[in-house]
Protein chains: 2
Amino acid sequence: MSVTARDVARVAGVSISTVSRALAKPDEVAPATRARVLDTARGMGYLPNPAARGLITGRTSTIGLIVPDLENPFFAAVTKGVQSRARAAGYCVIVADSDEDPSQEEDLARTMSKRVDGIVLCSPRAPDSVIAQLALECRLVLVNRACGDIPAVAINNLMGISQAMGHLLALGHRKIAYVGGPATSWSNTARLASLQVVAAEHPNLDLVDLGSFQPYVSGGIAAADLVIVSEATAVVAYNDLVAFGLLDRLRHRGFRVPDDISVVGIDNIPMSELTFPSLTSVGIPLVNCGRAGVDLLLGFVRDPSTPPTHHHDLSFRLVVRESTGPVRASPALHATA
Amino acid sequence: MSVTARDVARVAGVSISTVSRALAKPDEVAPATRARVLDTARGMGYLPNPAARGLITGRTSTIGLIVPDLENPFFAAVTKGVQSRARAAGYCVIVADSDEDPSQEEDLARTMSKRVDGIVLCSPRAPDSVIAQLALECRLVLVNRACGDIPAVAINNLMGISQAMGHLLALGHRKIAYVGGPATSWSNTARLASLQVVAAEHPNLDLVDLGSFQPYVSGGIAAADLVIVSEATAVVAYNDLVAFGLLDRLRHRGFRVPDDISVVGIDNIPMSELTFPSLTSVGIPLVNCGRAGVDLLLGFVRDPSTPPTHHHDLSFRLVVRESTGPVRASPALHATA
DNA sequence: TTGTATGCGTTATCAT
DNA sequence: ATGATAACGCATACAA
């Protein structure tokens, strides 16, 4: 079938173990023979069989990645970061999409656990108990989710949200609504908590929690009318997709953004500068989150004694665009809503 | 380390091969012992080691996927389709991102070739010679690219483009520009060719090829001014991202869409209905393309004698939105441009 | 029906 | 510095 170390050994006139050493431990073999082995190996197109190697070394040079939805720009960015970092470190990536179904996360992890050296679990929807159990069965690193002492890349939502709220407060907004994501979402909890921290620091700020919505455009569309009724002059959305839904529905309802209502998204996905009006959004260094996840994971793979450090020095930035503006002098519009 | 078939065998009081059979060939073992083995196996959390199994069977139950850019919505959709179909068939997916670099495609394919049963190569940028060589080294299925007799999922651009052109012609457009993608892109060649086929059928239609641009928003921004100068009343973009760039730049140049110029994208990515104006686009069933790629690949993996069938009965649909409208009676605007 | 023995391709251990 | 050999965990041909 394929060319093996045995073939190379025969052609090069050496033993099979010399072939193995010539590739893995170059300094344990004489320069002359090493050159000869390497040449014939390259000439024959020899590549070690990862399965055979993994069987004896116990390592696969492959890591796993589980995300809720590959088509979601948020996870696409993380995936890109994971893949690029893994490749740079000589690892392959097995990726799985749970389709936003918490119960699939467990199955997917178990299915791939034997094929990988560790798994990056991104924004898992499963309960803590399941995650903790999984961490016992395989090496695990969490991204955008905290759970016990499991190593994780935590997104510091407070930092970004503070920037966004500072921006809105400076524009004169005093009643701000939050359109939340899934109640089970760790990010949603963290974002809401961050908003409340900021609100606690500003007694004259009225924070209105409008509840949970689907984390897609449809969720924003569903929430828009509640925003209008709330009489808030600004709204922070769970993510950019939700913000797009708000933008769309608000326009169809005859509300102008930002003249009547300001809208802020979170994630700053590439599309956010292309909507009309373009979307003010809190940028999260997602690709770097993916990279950080791999770094954390490979730290354990290579040196299992590494303490479960939580990695979270990621830089945010608020990108102000057209969807936010100052509060109008007389917000009479709401009276008629 | 982990629980092996040996452990299960000892606990269940049978031989190691009975364990193997109980899981792989249920009817070659007595119902009683099978039940006992299966029970203890489940109780101990036994999962066969894929590396060991693959070493002897030669199959890995894993397929590879190589795309130019995971963050591009086009490829994200294909990836989603590949992953979902593979999982349904009991396969894992190793995914790699070539970062739009043709030379990386070759490396990535070779790196993963020994770990997978076959590779889905999506929209490769590499020359035919490289692809052909790769097809000799591993089982390959192409998506959105044709190359010799290599099995491929071809996107029938003509079908979708005909619909789009029919739409524009019906609106009265007679001078239509095309903002192309990379010259080396197979889709770009196919799309331009399709446009020319349609043009040949309509002698009174003036098709203007504006040349090649980056397949991103930046490309559309770069092309917008050329569109204006061309005096075309409608423009077809290589893809939706390019169309977004056109929309953005045209607006900043003071042109109204669709009043002054109609814009049509290709791909119909989710964001297209959220721009302003929303984008008329030719929808390509990308997720299905990914699925079809996997079907084609697994066909060969399971039965190598399958003839290299080209699979291309995918359904398109033109989604008409706000960015296209009838030609104005007196297109005076262009005179001043 | 079940157990025994061999081999997949590689790395690791030991001997030379 | 190099070669022979065992072992990794499993599937399979063959024996019982």
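Model, not experiment: these values are computed from the prediction. Reminder, nothing fancy here: chain letters follow the sequence lines and each chain counts from 1.
In this structure, the nucleotide among D:dG9, D:dA11, C:dT11 sitting nearest to the side chain of A:Thr57 is C:dT11. Each of D:dC10, D:dG3, C:dT10 was ranked by its minimum atom distance to the side chain of A:Thr4; first place goes to C:dT10. In this structure, of D:dT2, D:dA11, C:dT10, it is D:dA11 that holds the atom nearest to the side chain of B:Ile56. Here the side chain of A:Ala30 is nearest to one of C:dG7, D:dA1, C:dT11, namely D:dA1. Side-chain atoms of B:Ser17 lie closest to C:dA5 of the nucleotides C:dT10, C:dA5, C:dA12.
We find that CZ of A:Arg6 is positioned 15 Å from P of C:dT11, with the value rounded to whole Å. For the pair B:Arg10 CZ and C:dG3 C1', the computed distance is 17 Å after rounding to whole Å. Summarising the geometry, the separation between CZ on A:Arg36 and P on D:dA1 is reported as 15 Å, rounded to the nearest angstrom. A:Ile16 places its CD1 atom 11 Å from the C1' atom of D:dA4, with the value rounded to the nearest Å. The CD-P distance, from A:Glu28 to D:dA1, rounds to 8 Å in whole Å. Atom CG of A:Leu23 is separated from atom P of C:dT11 by 8 Å (rounded to the nearest Å). Note: CG (A:Asn49) to C1' (C:dC8) measures 9 Å, nearest angstrom. Following rounding to the nearest Å, A:Arg53 (CZ) and C:dC8 (P) show an atom-to-atom distance of 19 Å.
Nearer to the 5' terminus of DNA chain D, by closest-nucleotide assignment, is the contact made by A:Thr18 (compared with the other of A:Thr18 and B:Ser20). With the nearest nucleotide of DNA chain C identified for both A:Pro48 and B:Arg21, B:Arg21 has the one nearer the 5' end.
In terms of heavy-atom proximity, B:Val301 sits nearest to B:Arg59 at CG1-CD, 4.4 Å.
A donor atom on one side chain and an acceptor atom on the other are not found under 3.5 Å apart for A:Ser17 and A:Ser20.
Neither OP1 nor OP2 of D:dA1 sits under 4.0 Å from any side-chain N or O of A:Thr33. At the phosphate of C:dA12, OP1 or OP2 sits under 4.0 Å from a side-chain N or O atom of A:Lys25.
Note on A:Arg125 versus A:Glu105: no salt bridge recorded, every NZ/NE/NH1/NH2 to OD/OE distance being 4.0 Å or above.
At the heavy-atom level, B:Val19 lies nowhere under 4.0 Å from the strands shown.
Shown here is B:Arg6, whose CZ atom has no more than 12 heavy atoms of other residues, nucleotides or ligands within 6.0 Å.
Between B:Val3 and B:Leu47 there is no side-chain heavy-atom pair separated by less than 4.5 Å.
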